[in-house]
Amino acid sequence: MTVTRTFSIIKPDATRRNLTGAVTQILEDGGLRVVASKRIQMTKEQAEGFYGVHKERPFFGELVEFMISEPVVVQVLEGENSVQRNRDLMGATNPDDADEGTIRKTHALSIGENSVHGSDSDENAAIEISYFFSDTELVG
Ligand code: ATP
Ligand code: MG
């Protein structure tokens, strides 16, 4: 197993309900280490760029508006097989389909307001980390 990094966002539905700590606790208990973290207000341009792969999807406008509706917490997580580990801890996109104990089963409100984002591949993790963090912010 190799130690890798992945990218996470604690979304507005979770920051609004004061769940930054609760979500982070699940990540840490699950074996991931927060090696960078900051609370930001995403701009519309940032959100549209970040979710560019979804721009043809019917929910794109709603997704962008949601992601800029309140601050989010962007994080870099480190651990063995971190991309898959994080996605296991997050649970399915739709909280109704998520396993017990996952972040989305425990905290998400709906398929849109689903509390967290996590990278889906090592390649996208590297792209997403560099979208929000400079090298000097990744102190390990
Ligand atoms: P994420 O990319 O946020 O980690 P994911 O990989 O589980 O989540 P994607 O298919 O990449 O899911 O969708 C990106 C995000 O778009 C979802 O997390 C969710 O917030 C939103 N989304 C996806 N499907 C829908 C839908 N049918 N209706 C509303 N929002 C949706
Ligand atoms: Mg995704």
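Each ligand, and each atom within it, is numbered from 1 in the order the structure gives.
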query: Which atom names give the shortest non-hydrogen contact between L138 and R5, and what distance separates them?
result: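 Where L138 meets R5 most closely, the heavy atoms are CB-NH1, 3.8 Å.
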
message: On a heavy-atom basis, which atom in S130 and which in I127 lie closest, and how many Å separate them?
response: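 For S130 and I127, the tightest heavy-atom pair comes out as OG-O, 3.0 Å.
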
message: Among L27, T15, V74, which residue satisfies the side chain to side chain contact (heavy atoms under 4.5 Å, CB included) criterion with I10?
response: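 The side chain to side chain contact (heavy atoms under 4.5 Å, CB included) with I10 is passed solely by T15 among L27, T15, V74.
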
Could you check [atom] against the protein and tell me its nearest heavy-atom contact, residue, atom and distance included?
atom	answer
atom 6 (O) of ligand 1	R87 NH2, 3.1 Å
atom 19 (C) of ligand 1	I111 O, 3.2 Å
atom 1 (P) of ligand 1	H117 ND1, 3.2 Å
atom 22 (N) of ligand 1	F59 CE1, 3.4 Å

query: F59 vs H54 aromatic rings, parallel, tilted or perpendicular, using cut-offs 30° and 60°?
result: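 Rings of F59 and H54: tilted, 30 to 60°.
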
Is there side-chain contact between [X] and [Y], with at least one heavy-atom pair below 4.5 Å?
X	Y	result
R33	E28	no
F50	E128	yes
V72	P12	yes
I68	Q41	yes

Quick one: look at [X] and ligand 1, take heavy-atom pairs under 4.0 Å, and tell me if it's side chain, backbone, both or neither.
X	result
L63	side chain
H54	side chain
E128	neither

Atom indices of ligand 1, in the order listed, that fall short of 4.0 Å to a heavy atom of [X]:
X	value
G112	20 (O), 30 (N)
K11	3 (O), 17 (C), 18 (O), 20 (O)
N114	17 (C), 18 (O), 19 (C), 20 (O)

- prompt: Looking at F132, is K38 sitting on its ring face, NZ or CZ under 6.0 Å from the six-membered ring centre and within 45 degrees of the normal?
  reply: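 Verdict for F132: no cation-pi partner in K38.
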
Ligand 1 contacted by [X] (non-hydrogen, < 4.0 Å):
X	answer
M90	yes
R104	yes
Y51	yes
D120	no

field: Of D13, T102, T106, the residue whose pairing with S115 passes side-chain hydrogen bond (donor to acceptor under 3.5 Å, both in side chains)
entry: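 Result for side-chain hydrogen bond (donor to acceptor under 3.5 Å, both in side chains) with S115: D13.
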
message: Going by the closest heavy atom to atom 7 (O) of ligand 1, which one wins out of N124, V64, T93?
response: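 Among N124, V64, T93, the closest heavy atom to atom 7 (O) of ligand 1 belongs to T93.
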
